[in-house]
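Read the structure below first, then the notes.
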2 protein chains.
Amino acid sequence: MTDALGAHQPAARERVDLICHDADVVVVCDDAGTALRGTSVLITGGMIVGVVPAAEVSARLAAGTLIAGEVRSMRRRLIMPGFVNSHTHLPMTLLRGVAEDLDLQGFLTRVWAAEAELMGPAGTRIGARLGALEAVRAGTTTALDMYFHPIAAHEGAVAVGLRHVIGPVFFDFPGPDNLTWAERITLAHEWPAAVAATGGAAVPHALMPHAPFTNGPARLAELAELAGATGAMIHTHASENDAENDQTQRDFGTSPVRMLAGCGVLDRRCVIAHGVRLDDVDRSLLAAADAAVAHCPGSNMKLASGALHWPRWRESGIRLTLGTDGCASSNDLDMFTAMRQAASLARLTTADPAAVSAVDIVRAATREGAHALGLGHLIGMVAAGMAADLIVLDRDAPHLTPLRDPYTALVWSAGRGDVVDVLVDGRWAVRDRVASRVDEQEVLSAARSHVGQPDIASVRP
Amino acid sequence: MTDALGAHQPAARERVDLICHDADVVVVCDDAGTALRGTSVLITGGMIVGVVPAAEVSARLAAGTLIAGEVRSMRRRLIMPGFVNSHTHLPMTLLRGVAEDLDLQGFLTRVWAAEAELMGPAGTRIGARLGALEAVRAGTTTALDMYFHPIAAHEGAVAVGLRHVIGPVFFDFPGPDNLTWAERITLAHEWPAAVAATGGAAVPHALMPHAPFTNGPARLAELAELAGATGAMIHTHASENDAENDQTQRDFGTSPVRMLAGCGVLDRRCVIAHGVRLDDVDRSLLAAADAAVAHCPGSNMKLASGALHWPRWRESGIRLTLGTDGCASSNDLDMFTAMRQAASLARLTTADPAAVSAVDIVRAATREGAHALGLGHLIGMVAAGMAADLIVLDRDAPHLTPLRDPYTALVWSAGRGDVVDVLVDGRWAVRDRVASRVDEQEVLSAARSHVGQPDIASVRP
């Protein structure tokens with residue numbers, strides 16, 4: 001019915017599920033950085049079937065040649081693809097604020113203690129639901145998540161409507177989930193069926209070794225082989241800070257990325273979280289493999305891990321995506337904040353105010369994240385043939401006036417408070433700033449009950 | 001009727017204008033970093049007259065020994081002092097997005113061209129009104145502003161209800177406002193009367209030399225003397241980046257701060273904007289004078305000016321406050337963002353995740369800003385005897401759950417979208433997320449009309 005962008009070939013009489021009608025601006029997130037004015041998005045069966053001038057849609061609606069289950073006015077609205085958060089730990093939303101103003105050792109001691117107390121399967125489900133609620137309310141439609149008890153996490157996130165990518169976590173010692181290596185491998189084999197049973201939006205199969213230094217080369221090679229056999233992607237932490245690189249060098253005589261490459265992990269679709277401390281060889285290996293880096297500027301700054309050099313990573317050919325990390329280390333799941341942090345950090349690190357364009361940043365938070373997950377055919381762009389994973393912003397906020405360039409406004413002025421509606425897979429996840437599929441107060445209450453009442457722990461003096 | 005914090009001595013029958021009743025949390029912003037639960041704030045004649053346990057207020061209301069013009073429920077709310085934005089250019093909100101992804105020279109060329117086109121007295125008033133609307137909606141109750149046509153700016157900001165500190169701008173060449181030096185001096189003499197005539201909340205008299213390098217020592221000395229004679233404070237840019245320091249060194253053989261000290265400017269109450277590049281002597285001079293630095297981390301990162309070293313500045317004894325700078329260089333007026341940027345930048349710059357506490361950051365954005373303006377007796381803390389400059393946040397946002405430590409939540413998780421109500425001088429400026437004193441749509445429309453319709457300038461490709 002349509003070509004890739006805009007030109008819609010009308011049938012004699014077309015019926016669609018939903019028309020997001022007459023948006024002030026549609027931020028397409030294609031390679032060219034297109035923004036369209038006065039545009040309607042036609043949706044059927046969860047898919048975008050047309051991105052059409054609003055005047056044409058109005059005329060066809062009036063003539064009865066276009067019929068819609070719902071026509072929702074998008075006057076004074078900006079439509080864009082939902083954010084793809086390429087690295088987070090949603091269940092850890094329950095641990096928000098549990099370890100603050102501490103050095104890394106103090107931080108980890110507190111977090112581990114809190115995990116032991118709170119993060120069994122029930123806590124994981126409650127935390128994932130809370131995190132997914134926060135994420136979708138803030139405009140995220142897809143998240144690459146990593147946590148223990150992944151099926152509990154998946155159930156929690158899917159209930160809210162998030163497109164939720166997670167998989168079994170691996171490390172070469174007993175973890176807080178108390179699984180043996182063999183049990184983790186069994187879980188990996190059962191994983192696609194378990195995910196399908198939850199009925200969430202389509203996601204890739206994924207295996208999640210925690211990090212090279214916590215798995216070692218033999219285990220990594222085993223997982224790379226398993227990923228090859230089952231078509232899974234791999235998500236892992238790598239080169240978050242100097243201490244991690246030092247430990248990997250000490251224990252294995254190489255860098256985390258070289259280790260991933262040597263074990264065949266980079267032969268699979270791979271997203272590494274952080275990638276702050278990468279040398280030229282590391283970067284070449286990642287670029288050659290089309291592996292993506294999930295840049296988490298908020299977490300990297302808050303934990304003082306270091307500053308990724310955006311232009312140098314980009315020039316190396318690395319696919320740069322954006323993540324928030326988990327709420328234990330970065331305290332919220334706001335991809336608007338992540339965009340602004342990434343853009344700010346790139347300028348500060350390079351001393352170049354032209355280090356990265358707003359279009360590149362918005363695309364990192366949407367389209368590049370989609371490609372990193374192998375979902376480039378499905379999400380991260382507003383175009384016919386893509387899934388309807390869309391977010392809708394109120395463009396009448398004072399801080400979006402005057403708007404001028406929409407990509408610039410999204411990076412430097414917009415925020416989660418501007419998100420009015422969220423569609424995932426063509427279904428409402430948020431409507432008029434309220435979650436559509438869960439009772440928000442119930443989600444918040446469950447979280448507060450689980451961490452203990454009152455949830456305000458520290459009242460000075 | 002009350003002592004400094006909390007203990008309220010009831011009269012037989014007390015009548016107050018307003019009770020903000022039974023807040024979940026009151027973030028006091030005193031030196032100790034106190035937060036109070038289940039607390040009511042009593043307000044009369046624009047002043048806080050009691051900060052009282054809610055149970056006591058409920059009992060007195062029931063007994064008829066306390067009568068209020070309005071009792072507003074603050075259940076599930078967090079009350080804190082309104083933010084003091086210690087450096088901005090509110091009228092430049094009209095220039096948001098006009099110069100992006102450019103180096104400094106390209107940026108200035110674009111901004112100057114836009115100013116010539118848009119920023120006469122009418123544009124200044126329209127821009128200040130827009131900026132003030134954005135600022136109060138985001139929780140700022142006081143702003144230290146600097147711009148041409150200051151009376152037009154003041155009229156615009158006061159109309160929205162902001163406590164707005166501005167004064168005549170000085171530089172030693174004809175500016176876009178086309179005033180001679182003598183005319184600027186005349187304006188300075190007339191300034192307190194002109195401000196009083198606008199009927200806004202109480203503010204200090206202020207003189208605003210643009211920067212040391214644009215005034216020179218003779219002019220600075222003249223202004224220091226004038227400030228001494230008229231009781232004015234002084235606000236100026238100083239040491240924003242290396243280029244500014246280099247130019248000052250070249251032209252005047254010294255640093256910006258040494259120049260301010262040598263000309264007597266630091267003998268007055270003084271707030272310098274930026275203060276990124278200060279050596280030991282500069283810092284000692286500022287500390288000895290109790291001059292404040294308005295740290296603008298967003299602008300400093302966006303323009304790649306550099307990174308202020310928070311712990312070193314603090315250890316030097318400098319009073320650190322927070323500003324957003326103007327929207328031409330930092331694109332919004334969000335003090336929540338400024339807090340998070342400052343905390344993140346401090347950690348990154350020092351490689352120390354304990355470089356600055358959340359309490360210190362919140363106080364910089366409130367109490368320290370108040371002290372910097374000489375308004376420490378009046379604003380920046382929730383306590384009896386202070387003006388009722390308060391903001392009210394919805395603590396039921398998903399991203400504020402669980403809340404745990406309130407100061408941490410304000411720095412690392414909260415945002416402008418959480419601001420529900422704003423009081424300035426005991427009068428509502430925002431209520432239920434809508435400005436109380438202006439028609440928001442009219443303010444936005446005036447801004448769009450002035451910059452030209454449509455306000456979306458750049459639609460690619």
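Sequence lines set the chain letters: A, B, ... in the order given, protein chains first and strands last, and positions in each chain run from 1.
Using a 4.5 Å cut-off on side-chain heavy atoms (C-beta onward), B:Asp24 and B:Leu78 make no contact. Side-chain contact between B:Arg347 and B:Asp352 is absent, with no heavy atoms from C-beta onward closer than 4.5 Å. The closest side-chain heavy-atom distance from B:Leu308 to B:Leu345 is not below 4.5 Å. Using a 4.5 Å cut-off on side-chain heavy atoms (C-beta onward), A:Leu36 and A:Val25 make no contact.
When the candidates B:Leu133, B:Leu333, B:Val98 are compared by the number of heavy-atom contacts under 4.5 Å with chain A, B:Val98 comes out ahead. Note on B:Met301, B:His450, B:His399: by heavy-atom pairs under 4.5 Å with chain A, the leading option is B:His399. Top candidate by heavy-atom pairs under 4.5 Å with chain B, chosen from A:Ala354, A:Ser413, A:Gly417, is A:Ser413. Looking only at heavy-atom pairs under 4.5 Å with chain B, the residue among A:Gln441, A:Arg340, A:Gln341 that has the most is A:Arg340. Looking only at heavy-atom pairs under 4.5 Å with chain B, the residue among A:Gly131, A:Ala135, A:Ala304 that has the most is A:Ala304.
Residue A:Val443 does not touch chain B at all, counting heavy-atom pairs closer than 4.5 Å. For chain B, no part of A:Thr349 is nearby; none of its heavy atoms comes within less than 4.5 Å. Both the backbone and the side chain of A:Asp396 come within less than 4.5 Å of a heavy atom in chain B. Only the backbone of B:Ala414 comes within less than 4.5 Å of a heavy atom in chain A; its side chain stays farther off. Using a 4.5 Å cut-off between heavy atoms, A:Ala409 makes no contact with chain B at all. Interface remark: B:Ala307 contributes backbone and side-chain atoms alike to the contact with chain A (heavy atom separation under 4.5 Å). Contact of B:Val27 with chain A is not made at all, since no heavy-atom distance falls under 4.5 Å.
A salt bridge links A:Glu442 to A:Arg129: one of the charged nitrogens lies within less than 4.0 Å of a carboxylate oxygen. Electrostatic pairing of B:Lys302 and B:Asp325 does not count as a salt bridge here, judged by no charged N lying under 4.0 Å from a carboxylate O. Salt-bridge annotation for A:Glu440 and A:Arg137: present, with a side-chain N of the basic residue lying under 4.0 Å from a carboxylate O of the acidic one.
Contacts between residues 90-97 of chain A and chain B, counted as heavy-atom pairs separated by less than 4.5 Å, involve A:Thr93, A:Leu94, A:Leu95, A:Arg96, A:Gly97.
Remark: the A:Ser299 side chain and the A:Ser329 side chain contain an N/O donor-acceptor pair separated by less than 3.5 Å.
Residues satisfying the salt bridge (Lys or Arg N to Asp or Glu O under 4.0 Å) test with B:Arg75, not counting sequence neighbours, are B:Asp22. Scored by the salt bridge (Lys or Arg N to Asp or Glu O under 4.0 Å) test, A:Asp394 finds A:Arg77 as partners (sequence neighbours excluded).
The CD atom of A:Glu100 lies 11.0 Å from the OG atom of B:Ser357; values are rounded to the nearest 0.5 Å.
Among residues at least two apart or in separate chains, salt bridge (Lys or Arg N to Asp or Glu O under 4.0 Å) pairs with a member in residues 407-418 of chain A are A:Asp332-A:Arg416, A:Asp334-A:Arg416.
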